[in-house]
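Working notes, beginning with the structure itself.
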Amino acid sequence: MSYAAYKMMHWPTGIDYCAAGFITHSPAEAAAFSSLPPTISGPEVDVDSSAARAPQRVGPTPNLVVVAANVLEVYAVRTDAVMGAQDGGTSSLAAVLDGISGARLELVCYYRLHGNIESMAVLSDGTENTRDSIALAFKDAKVACLEFDDSINGLRTSSMHCFEGPDWLHLKRGRESFAFGPVIKADPQGRCGAALFYGLQMIILKAAQSFVGEDEPTRMLSSAAVRIDSSYVIDLRHLEMNHIKDFTFVHGYIEPVLVILHEQEPTWAGRISSKNQTCMISAFSISMSLKQHPMIWSSAKLPHDAYQLLAVPPPISGILVICANSIHYHSQSTSCSLALNSFSSQPDGSPETLKTSFHVELDAAKATWLSHDIVMFSSKNGEILLLTVVYDGRSVQRLDLMKSKASILSSGATTLGSSFFFLGSHLADSLLVQFSFGVPTSVLPDLADESADIEGDPPFAKRLKRIPSDVLQDVNSVEELSFHSNSVPNSLDSAQKISFVVRDALINVGPLKDFAYGLRTNSDPNAAGIAKQSNYELVCCSGHGKNGTLSALQQSIRPDLITEVELPSCTGIWTVYYKSSRGIITEDNEYHAYLIISLESRTMVLQTGDDLGEVTETVDYNVQASTIAAGNLFGRRRVIQVYAKGARVLDGSFMTQELNFTMHGSESSLTSEPLAAASASIADPYVLLKMVDGTVRLLVGDHSNCTISVNAPTVFASSSERISSCTLHHDRGPEPWLRKARTDAWLSTGIGEATDGNDGFSHDQSDIYCIICFESGKLEIFEVPSFKCVFSVEDFVSGSAILSDDLSHTKDAVIGVPDATTVSVKKEETNNIKIVELAMHRWSGQFSRPFLFGLLNDGTLLCYHAYCYDGSESNAQCAPSSPNGSSDIDNASDSRLRSLRFHRVSIDVSARDDISSFTRPRITIFNNVGGYEGLFLGGPRPTWVFVCRQRFRVHPQLCDGPIVAFTVLHNVNCCHGLIYVTSQGFLKICQLPSAYNYDNYWPVQKVPLHGTPHQVTYYAEQSLYSLIVSVPVVRPLTQVLSSMADQELGLHIESDFTVGDDLQKVYTVDEFEVRIMELEKPSGRWETRFTIPMQPFENALTVRIVTLQNTTTKENETLMAIGTAYVQGEDVAARGRVLLFSFSKTENSQNLVTEVYSKESKGAVSAVASLQGHLLIASGPKITLNKWTGSELTAVAFYDAPLHVVSLNIVKNFILFGDIHKSIYFLSWKEQGSQLSLLAKDFGSLESFATEFLIDGSTLSLVVSDSDKNLQIFYYAPKMVESWKGQKLLSRAEFHVGAHVSKLLRIQMLPTQGLVSEKTNRFALVFGTLDGGIGCIAPVDELTFRRLQSLQRKLVDAVPHVCGLNPRSFRHFKSNGKAHRPGPDNIIDFELLSHYEMLSLGEQLDIAQQIGTTRSQILSNFSDFLLSTSFL
């Protein structure tokens, strides 16, 4: 019996839903906040002047909430205001609009849920000082409401509503499957929400009444969020409704009014001519106290293709009904409509409707209101349309529609405040766009330089190439930047101009239709073991239509090597600046001056000029001893070198001061013998030393004469506790962040001002803090140089979810404090866990907050994000009782960082190894490597942690094995590069590959194709990728129809057409081609080397590289096989072609590939594969096996498949194929009788998506994914009774993935050091989904499986899950009402197991003890699995 594990490696990126809401702050807080930063207008400037008004035009901006499958993310929009006129030179870089030069999205919080979000609404009551909450609906009938909780700086579930299970069975009325999942909408005044379940059951969610006495001071301090109080069900069958298409709440009524769009009796395409006005809208007034819902108005005879309702905002109110071919406005008193094309129909006797001047179809369009009378549509082909509701103050006169720009194919649109909107997309990168009504003329030239479309690349994206503006758009309408409405004066001025600027983009690599596993450009042919894995990358087909791209994804980073030198026994490297008087260079771009390399017993110094030259002999550095740390002091005017016995201060290459460390007489009366330093942390102008005996020293620098002196803090002299690690944190900037966390924040002025004052180069204020962790696990933060304790946490090591200051808060308020009984049991196990390294840093950005990192000696990296929460109003009066009863507690509590808290952030770093406390430091913080900032974690499994949008992007680096030292290097030849030393003793100078974007789960490079990619395959001998691309082309309709039908019919059609001339006679068809692309070696650019066009109406369905044995020459040939099908409508019998191409061996031949064989076949050729030198072709419902003579294919065997083959897989002589409706079949090929014989099949019906073999040693399993987002693993066991003598495949495991798995790829697993008797022949399956997620299914041995499965069952209850979702029910096989016998549960889910590492230490030990194992055993299983599946 073989067992499997499921693990996501790249989470979904395709955005399904997006919404705007004031989640983290109320509108009043946002408005107060946005007026705080210094804008151009001072208090004395006239408020009406345009300069003062420009920044204020951008009102309070809400948060953006996005949903990608089961991932929920909340972002804040951060804007960069233009600071006055001195920025005239920079306006060419980024267009300035409304006083804003740039904007970006910053992550507030993000959650991976155990369930796919089916619908989302934001509950908002529209008042100034309440926050909004998020309501999410989940499959079948669950609703969860989330609100932002300041005390944990994250979302908290405020209510859960479930209408499933035996009590609610009557709601289903006996049905098992429903056309769409639950839909949830909210009342604009926040009085209630409504959710539609099971097709016809409307759930009314009543909001809690807002509080009385809103002017109380307590109410103003923290704004409460909207909450749901109670709920009840309305059965819409009793209101005589059958088929509901959409519903929404409208504005402008005293009670909530729900308008429902429904179809009275359905129609279908063949009956449209006689029965087409089948929809109607009904408005119900919802009285929640009486639970009554009288109908107040309705309107019938709407077109059958109506699909969406839009509530018009006040003062106009009413409702827009969006149909595919027309738009209708309805309110209680008036109605009007607008026809969009010649297919729109009016009911008889109705007044003549207005028509648009152009032809457009609005089905599947997404809409959002830009202002109270302009709604923006993003149509199905990516155009932006603007609809104006023309209103004269009493009633709506008419609707005006105009074309604007071309944009992405979007899956959702939402307006963020008054000047931004967000286009979420499932098929392209999602965009944040700033818009403005009526732009000053000075800005327009800047805008015109941008490409005319709102395409995926924001102008500020560093080093990313611009995507050329799209060729497919009809050019005449795209060129205009603004739209003119030639209407009667509306509420806005007449020549209305709207301009757009793309400000930010969220990367999306979905939908992953297919991928290939090929070599990178900078791969190393000599690599072995795990380093060999980072030679490869996944090249994926992603996107659709004009947003189609080829995405190259890598899991690990392989830097581009500039030069390498052999350098054995290195212990550390540093680069330092040297500010000579040559002239002031900006700090960001200053080159490094020296590279200091510390070896075991000596130090080398190199000058980093045009080339690296060794200057060890000529400088005054202490080169006879190994260096512990080196860095700059006094604003880069001096360099400090710290070694074990002392320190030296150098000006350039000359020493200005030398210090020796001695024991202080007060501490030991014996002798003043020298004491060695163990580690050092530098924060200008202080250096903190940790000595060998576990004490600390502080070197204090004096700015006036650039000297330093030793200072032993007296705080630690009395305490006997040893210090396990310490660091300095330099909190600087225009406003140091940690000051906000003080209680006396308004009193404290900068400590660093006096020292910085005479220097002149720094306007920033700066505070310096010292963070110390003791061996008991206690963490304290001190002010430097006074060493006053401002923050302390008792048990930092245990990694609890929230850290808050022990003295300021009473104990019971702190989350995750273990009780005394459990502590005593675990004491001996927690005692040996220590923090070996600390770091705290705040990266750039006006709104960024510091991160705190602690590295444990078992390799775990604890990571915390700081935030402010002033929860101490209640207990500030009572003096906090100190645990150690020190005397100065009363005055000390005044200046503590009382409202500082940290919340734990998950970070997937997998270095499981014991670190002794005297190793080299591993965490290196960098501020600019190739334009990115973050930290680098050295050690046995080096990892890059990039900080993008205030979130971590963790990318391992496997290519060089363990790394002992790392530093940044910026000089002439290596711009913003890096240096690292491997444990083999090589010093490498590198740069990050600039083609990749690292702000994604995996580094990605996207190559626009301007067409839909369908399938890709890799030809290893020449490193070529063949991919099928279809490009939409506009053709005359007559040509399309005549070539589809036979000739006589075509003549009739043409004669018909001459009559109706008003039809726009064009039709879009997809033209297919096979492109052969290559990744150019030096440049890293993708080039198309050759294109094979298909015939008209011929779709290429599959392309594969096959190896065939030529029966005449008895040699193997590698050929490219293409299978195609002709799509000519349902009247023409299907046929297809098989094409074989050979690759040219010589470099300089004209044709890269030449066609060697082509033959038509009956039926579509949907899959090809090579089987032991023969070619296996699935054409229509038949599978044939052919042998290759060099010029001909001759059939030798066949098998009749049931309907249509979607995928073929081959291992040895076994064949697995998936059918479009009839699940999977398992065949074998026998050479003797030359026959394909059926071994077994799955008797159930299943719509297969992808199939593959799972190999575990000698065990062969068959994996299939299906249309209901499940994965099943089968096995063939003819000796088992239940297999019906071997006819039936038996189920080994089944699992609900929650996404459509479109591709499975088999990759060999790496052997790990865990078990000696490890099977070498193990393969995992990497899969890609249509949401843009990548994961793997991998075999595990039974012992690991049993241990982790019992842990998994424990974690279902032990962890509070977001939205209260049950992971077990989410992972149950979903059969959507079809009959299915449940199979075994033999799969472990790493999505659930990943919660274990985020538990606090005590809980981890508890759970491990309960399932009869140890924490270290579980964690080593995790890291072994991670190692063996690091494929890329």
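Computed from a predicted structure; not experimentally measured. Residue numbers run from 1 in the order of the sequence given.
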Geometric class of the [Y]/[X] ring pair [parallel <30°, tilted 30-60°, perpendicular >60°]:
X	Y	result
Phe1422	Tyr1396	perpendicular
His1361	His114	perpendicular
Phe1345	Tyr3	parallel
Phe1390	Phe1425	parallel
Phe1370	His1296	perpendicular
Phe1295	Tyr6	tilted

Is the His1300 to Phe1249 ring centre distance short of 6.0 Å?
-> yes

Examine the side chains of Arg1347 and Asn1421 and answer whether a donor and an acceptor come within less than 3.5 Å of each other.
-> yes

More than 12 heavy atoms from other groups under 6.0 Å of NZ on Lys7 = yes

Take atom NZ of Lys1378 as the centre, draw a 6.0 Å sphere, and report whether it contains more than 12 heavy atoms from other residues, nucleotides or ligands.
-> yes

From CG (Asp1268) to CD (Glu1247), nearest 0.5 Å = 7.0 Å

Check salt bridge (Lys or Arg N to Asp or Glu O under 4.0 Å) between Arg1306 and all other residues, then give those that pass, not counting sequence neighbours.
-> Glu1252

Using a strict 4.0 Å threshold on nitrogen-to-oxygen distance, state whether Lys1222 and Asp1242 make a salt bridge.
-> no

